[in-house]
Structure formats: structure tokens, C-alpha cells
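Comments concern the structure below.
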Amino acid sequence: GEIIWRVPPLGLPAAGERDALLEVTQSEAGQLFVQRAAAARPGFELTEGNAAAVAGICRTLDGVPLAIELAAARVRALSPDQIRDRLADRFELLALGNRAAPARQQTLRAAVQWSNELLTAHERVLLNRLSVFHGWNLDMAERVCADASFPAGQVLVELRALIDKSLVSMDGELNGDARYRLLDTVRELAAEHAASAGELTCLRAAHRDCMLGIAEEIASVAYVRGEPSWPERVALYHRARTDRANFNLALACCVQRGDAAEGLRMSHALSGYWLASGEVAEGAGWIDRLLAIDAPVPPGIRARALAVRAELAFEQLDYTAAAGHAKECLELSRPIKDGNPAAAYRLLALTELVSGGTEQALDHAGAAVAAAKEMGDDWEEGVAIAVRAAVLGAQGDLTAAEKVYQQALDVLRDNNGWGVANVSYGLGQIARARHDLGAAAEHFSAALALYRQIDARPEMARCLAGIGRIAMTEGDLTVAAESLTESMRLSLATGHRLAIARGLQALAGLADALGETAHAIRLAGAAQTASDAIGAQPSASASRGLGGLLKGAADSLGHGAVAELFAEGKAMSPHQAMQLLAAPAVAPAAAPAPSGPLSGREFEIATLAVSGLSNREIAEQLVIAHATVARHIANIFTKLGVTSRAQLAVWMAEHGPGPE
């Protein structure tokens, strides 16, 4: 959904004999310079005496806004004439440099370099050290940038100076803390200077230690009973998301340096963020790289990381890998006290559950609960109890499952709201299995409200799917469409393949309920392809729904037309299939039955063709390939012995209703 918008440079004062004061006043670049110069030096005014110099500055800087702002900030110490002369020197030197770089990139780098050279020694040191961040707050800057020669108390002083000189930008606030950033050009040049000074390696290590500390500080309070409050924990989720780029930089540093232990510690601390946000592939990739490092790692650290890797594999539907990582975690955890056997047993229970081994799953879930109690880990105990409830539900013992879910809720209630939401979703599933749709919708809605607070996209998608299916059952197609469509978009965003397959199945049922039979069949075909890709077997209810859809469509459209529509859907990507509900449907149920030698699809295309639509417009309306339409048109002409759309219109008028 992203597009590139090329931002043009600002309009420049014209060169020549005309009134320089008027030219600067009327030009965008001149207005920006005057505005920023007045902010930097109160009382600064554009006059006939300095207008020519200001115009020269703007033209030299090609109207690049940041370059103009950097130059204007210099009026605190220099006159416009001095700024113009020094810029001329800078750009004359630049002309001897990298001529392959785009002109405006050269302009900007030169402006930044010139501004850097005018900094004080302390300002330059801080700017160089800040280059290791992708956004930061004051605490982070003090942790990384201060040392014996640069005390922490000096950081804020120099940071203010860099903001005043437009080299550091304030980037809003998060949880009451101001955030700052460097533009990429500034950051690149500062990093080059830090490397030249021999500081970059140490700075990256300090940044890694800072981010490891932050990750472990968040994890240490995120999954415990009591304080902090849920709103405070929500803020921690958003903090982790805001610093995602910094965490990735720190993990990359661990991989590059071979610091496996530190990287695996950070991975364990970030596991909740990865799972809640749906960034499971990112987390799995980092852990795999870190586990592959040939370096000594304490067994407790490795065991906890393997438990996380098992959980990520389970979310990726790689149940074999999930079980393997869980077993390895369990083996490492047995002789030590700082492993995570509870999580290992819990993941083994889940992998058994999806394979149908409910008795073994129940045993593993019980072992997970016992291990969590021995560890004194309330979070693991609560989620393990919830897994036990899910297994009981799968066995059909809905009363026991509901009771055990309530036990999980008692353990998790004053812990993390994410766990409470998971239990609420499970209770919704039990209520739905009992056909208590009102209670199910209430549980799904309660869970969704908690998930939305932390932007837990995979779980939001599951809740919305549940709400949408209930709405379809109750005949509220408006709510069903809104919920199922949002659910599908979230699943596509996170790449959760099982949710995508199930979402397409649900959307096929919705399209059928809306009378969009052709779209319903295509969506069913796309769902089949998505399910086949991951080896997922449809549920009994999904199979019955598909069978009913295809049979009903065959009765009205004919078996050949249904097979063709289904094949078209199977060739679609999930993103293409999603567009079907946004496209105006040609409802075959209301269309005239095909006549003579034309198939249902051919009659549909012929109807659109004689209504004046081009092949491309037909393709867009039916969401099929342009070449497919052209092939159908050729077949229609051959079957009917016609050579033009005019002749086709005559045939359609004789054999069925033509265009209104």
C-alpha cells in the first residue's frame, strides 16, 4: 500500500538584476530561511543589505529544506554574507568529490558536514555517539553516550544545542518521555566520524548493553502478579514496539560479535512482543542465528531461548520443529534451576493437541502446571492451565473446560491482560461450542478490547473472525462483513497462513450469504489453495459449508461454470481474493441462464461485453486476468460464428436480455 512521493525542492529566488529583497520575500526557500533565522536569532530581519546574501544561500543549497534550515541556524554566530561565503567554499570543495552522487544528496551532505564542522567539541562528540541509535530518549542517550570524559549530566546540555542547530529532531513523546532522532544523512555522516575516531565498535557494544537492559527491565515486570498496573504494562508493549529498530540493531551486533548469550537473553526478553505483535518470523530468525553461533552459553539461557523458539515455531505452524525445540529445552532444564520446563511441557501439550493426541496433551499440560508451580512462575502456571482447558474442550468436556478456564482466569486476573484476553477467547470458544452465541460474542469482544490496547494483531484477527461468524449465523451480514474483512486484513499483515486459509473460507460463506455466488466460489477456491499450501484439513463444518455452496451454485450455474470459477479462485493469491468483496459482483443467481452453446462464464462475459465494457474493464470487474477475458471472447466469437461485438449484441438480443 505504500507509494513513493518525490518531494520537490522549494522555489528559489531568481538570479539577476531584479530586486533581491522582493525575490527572497516571494520565494519559498527565502521565506523558510527568514523564518528559521528569526527563530534562531530573535530580531533577525530581511533587509536590502542582506537580501542578496540570503538569495545566494538559497540558490547554493538548491532549495533543499533541511540544508536551508541548517544554514539559517548559523545566524546566531555569522551574518548572511559570511554564511554565503563559507557555503561557496564548501560547495567548491564538494565539486571535487563524489560526482556520481545525485546533486541534492551532495548538497545535503555538504550542508550537514559544514554544520558538523561548526559544532563545539562536546557537541560533535555527542552527535557522533548518537549515530548508533534509531531514535532514543534522554535516558538511553545518557546510558550509551556518557563516559569518564563526557559526564551524563552534560548529555542534556549538548543535546539541546544540537536540537537548536537542527541536527537532532524531537520526535514526539512516548510514556511521558521525549523521543529524538537523526535524519539518515546526519546519522550516516556522524557514524563515519565516530568510526574515524575509533569509537564505533565500543559505541555499538554500549548500545547493545543498553537495549539488553531495557528489554530485561520490561520483561521483569510484564508477566508478574500485582504491580505494575495494566495501563503501565500496555505502555511497556508500546515501548518495545517503538524501539523495535534499536532491538534489531542490538541483536545484529550480538550476531556480528558472536555474543550468543547476550543475544539469547534479549530474545527471551522480547518473546512477548514478538508473539503479541505477530513478528514471529523476525524473532525466529534472530534466535536461529544466535543458536548457530559456536560460543559457550549457560544452559539456562539456552533452555529459555529454546522455549521461545518452540513457541514461535508453533505460531508458524511448524509443529515438528516446535516439539523438537521443546524437548531440547526440557532436556537442558532438568538438571538446572533456571531453565523453563513449564513452557516446554506446555508446547508439547499444544503440539499433541493439534495432532489429535488429547490424552498425551492433557498429561503434558498437567506437567506444565506442576513445573510452573515449582518454578514459582504465575504467568506460566496460568497459561498452562488455559492449555489444559483447551484440551478438555477438544475432548468435548465443555463443563470441565469452562471450569478450568475460570481457574486460569483466577491465576492471571491480576497479571498481564494479554493472558486474561487469551482466557476470554477460550471461554468464547466454549460458549460457541454450546451454541450460546450471545455469551460467545461477549467473551470475544472482551478479549478483543484487551488485544487492541497492545495491538496484538494475530489474536485480534481470531476474535474478529469469531465475532464475524456469529454475526453470520444470526443474519447480521453488516457486522459479519466488517469483522471478517478486518480479521482477514490483520492475518494478511502478520502472514498467519492458517488464519488466512480459514478467513478465506469464512469470506466465501459471507459472499454466498450476500448473493455473490461467483465471488463465493472463487473465494472458496482461493481458500482451498491456501489450505493445501500448509497441509491444513478443513473442519467438518467448513467441509459441509463448501459442499453446500458448490451444490447450490451448480444447480443455478451448471457444473462447468462452477468448476471454472473454482479454478479461477485457486489461481488467486489471498490478496487478490480479498479484492473480490470490494468489487461489484455480477450475481449469477439473478442473471439469465446461459443459452445455446455458451457456458455460464462465457454468457456472463458476453453480457458485460455487449454492455460496452472493454476486456480490461471486464477483467477488473470479475477480478480475473486480462488474458483470460480475451481468451473467453475469442471462444465466444468462434462458438457463435461472429466477428464483432456488434454481431455479438445481435445474438444476445435474440437469445437473452441485452444491455438496458
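Worth knowing before you read on, the calculation uses all heavy atoms, side chains too, and leaves out hydrogens, waters and symmetry mates. Note that the coordinates shown come from a computational prediction; the quantities given were computed from them, not determined experimentally. For reference, positions follow the sequence shown, starting with 1.
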Checklist outcome for this item: Closest non-hydrogen contact found for Gly278 with Pro458 is CA-CG, 3.6 Å
Item to check | Residues forming a side-chain hydrogen bond (donor to acceptor under 3.5 Å, both in side chains) with Ser149, sequence neighbours excluded | outcome: Asp147
Item to check | Closest approach of Leu450 to Gly417 (non-hydrogen atoms, all atoms of both residues) | outcome: CD1-O, 3.7 Å
Checklist outcome for this item: Nearest heavy-atom contact between Val423 and Ala386 is CG2-CB, 4.3 Å
Item to check | Polar side chain donor-acceptor pair, Gln113 to His193, under 3.5 angstrom | outcome: yes
Next on the checklist: Could you tell me if Ser229 and Glu232 have a donor-acceptor pair between their side chains, going purely by distance under 3.5 Å?
Outcome noted: yes
Next on the checklist: Could you work out, with salt bridge (charged side-chain N to carboxylate O under 4.0 Å, His left out) as the rule, every residue matching Arg302, not counting sequence neighbours?
Outcome noted: none
Checklist entry - Between Val221 and Arg233, which heavy-atom pair has the shortest distance, and what is it? => result O-NH1, 3.5 Å
Checklist entry - Closest heavy-atom contact between Ile83 and Ala71? => result CD1-O, 3.6 Å
Item to check | Which residues share a ring-ring contact (aromatic ring centres under 6.0 Å, His included) with Phe133, sequence neighbours left out | outcome: Trp136, His207
Next on the checklist: Test of understanding: with side-chain hydrogen bond (donor to acceptor under 3.5 Å, both in side chains), list the residues that count as partners of Thr201, not counting sequence neighbours.
Outcome noted: none
Item to check | Contacts of type ring-ring contact (aromatic ring centres under 6.0 Å, His included), residue Phe444, not counting sequence neighbours | outcome: Tyr425
Item to check | Heavy-atom closest pair, residues Leu167 and Leu182 | outcome: O-CD2, 3.3 Å
Checklist entry - Any salt bridge between Glu282 and Arg289, counting N to O under 4.0 Å? => result no
Item to check | Asn137 side, atom CG; Leu174 side, atom CG - distance, nearest 0.5 Å | outcome: 8.5 Å
Checklist entry - side-chain hydrogen bond (donor to acceptor under 3.5 Å, both in side chains) with Arg257: which residues, sequence neighbours excluded? => result Asp259
Item to check | Qualifying residues under ring-ring contact (aromatic ring centres under 6.0 Å, His included), relative to His122, sequence neighbours excluded | outcome: Phe150
Next on the checklist: Please enumerate all residues that pass salt bridge (charged side-chain N to carboxylate O under 4.0 Å, His left out) together with Glu482, with sequence neighbours excluded.
Outcome noted: none
Item to check | salt bridge (charged side-chain N to carboxylate O under 4.0 Å, His left out) partners of Arg497, counting only residues at least two apart | outcome: none
Next on the checklist: Among residues at least two apart in sequence or on other chains, which ones pass ring-ring contact (aromatic ring centres under 6.0 Å, His included) with Tyr223?
Outcome noted: Trp379
Item to check | Sidechain-backbone polar pair: Gln31 side chain, Thr25 backbone, donor-acceptor under 3.5 Å | outcome: yes
List the atom pairs, with distances to 0.1 Å, where a side-chain N or O of residues 32-46 and a protein N or O form a donor-acceptor pair under 3.5 Å, not counting sequence neighbours.
residue, atom, partner, partner atom, Å
Arg41, NH1, Val75, O, 2.9

Item to check | Worked check of salt bridge (charged side-chain N to carboxylate O under 4.0 Å, His left out) between Arg124 and Glu199 | outcome: CA-CA 13 Å; Arg124 192 177 300 118; Glu199 287 193 323; over 6 Å; no
Checklist entry - Between Trp274 and Glu311, is any side-chain donor less than 3.5 angstrom from a side-chain acceptor? => result no
Next on the checklist: Under the rule for salt bridge (charged side-chain N to carboxylate O under 4.0 Å, His left out), what residues qualify as partners of Arg179, not counting sequence neighbours?
Outcome noted: Asp243
